[in-house]
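Structure first, commentary second.
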Amino acid sequence: DAAGAAVRKHGSSMGVKQELARASAATHPGEALAVYAECVDQLARSGGNRAYEEAAELVARMATLQTASEQKAYVMALRERFGRKRNFMKLLG
């Protein structure tokens with residue numbers, strides 16, 4: 001809880017946010033989902049196959065933290081926002 005509060009108050013790198021999200025996903029799934037969603041957006045916007053692969057891995061991790069219908073809605077929203085990024089769309093399935 002203290003680490004999350006410090007990150008929210010002072011900010012941090014995306015890597016630190018991801019580490020915190022991984023460590024606290026079981027106890028704070030909503031916060032972890034928000035961090036992962038932010039990372040996915042950043043990676044998808046940056047482009048490149050490696051970024052798309054990392055984003056797709058995060059999307060898969062998110063499936064363990066939310067219901068199937070929430071995950072489906074999230075992926076559909078990604079498809080709407082990033083549909084022109086064909087390689088990313090292929091990775092999403």
Side-chain angles (χ1 to χ4, degrees):
D1 287 334
V7 165
R8 284 188 297 278
K9 182 176 181 182
H10 302 290
S12 72
S13 70
M14 195 53 65
V16 169
K17 287 181 182 181
Q18 282 186 17
E19 278 189 51
L20 181 59
R22 273 191 290 275
S24 64
T27 57
H28 297 84
E31 290 179 22
L33 284 168
V35 168
Y36 293 153
E38 180 183 354
C39 292
V40 167
D41 284 354
Q42 220 174 52
L43 289 163
R45 280 193 305 268
S46 71
N49 288 337
R50 181 62 199 127
Y52 296 154
E53 290 168 6
E54 190 175 338
E57 290 170 9
L58 288 173
V59 170
R61 188 176 300 151
M62 292 170 78
T64 66
L65 300 175
Q66 56 189 351
T67 66
S69 61
E70 290 169 330
Q71 180 72 3
K72 184 177 179 179
Y74 177 69
V75 171
M76 293 298 290
L78 287 175
R79 289 186 177 284
E80 287 179 24
R81 285 199 320 270
F82 300 111
R84 295 180 58 110
K85 298 184 181 275
R86 293 179 307 218
N87 288 345
F88 183 40
M89 295 301 104
K90 288 177 190 175
L91 292 172
L92 291 180

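Looking at residues two or more places apart in sequence or on another chain, you find a side-chain contact (heavy atoms from CB on, under 4.5 Å) between E19 and R22. In this structure, the side-chain contact (heavy atoms from CB on, under 4.5 Å) partners of A21, at least two apart in sequence or on a different chain, are A32, V35, Y36. Take L43 and apply the side-chain contact (heavy atoms from CB on, under 4.5 Å) test, not counting sequence neighbours, and it matches A51, E54, A55, L58. With sequence neighbours left out, the side-chain contact (heavy atoms from CB on, under 4.5 Å) criterion links T27 to S24.
Residue pairs meeting the salt bridge (Lys or Arg N to Asp or Glu O under 4.0 Å) criterion with at least one member in residues 73-93, sequence neighbours excluded, are D41-R81. Sorted by first and then second residue, the ring pair (Phe, Tyr, Trp, His ring centres under 6.0 Å) pairs involving residues 68-93 (not counting sequence neighbours) are Y52-F88.
In terms of modelled atom types and a separation under 3.5 Å, the side chain of Q71 and the main chain of A60 share no donor-acceptor contact.
Closest non-hydrogen pair, V40 versus M62, comes out as CG2-SD, 4.4 Å.
Criterion: ILVMFWY side-chain heavy atoms under 4.5 Å apart, direct or through other members. Under it, L20 and L65 are not part of a common hydrophobic cluster.
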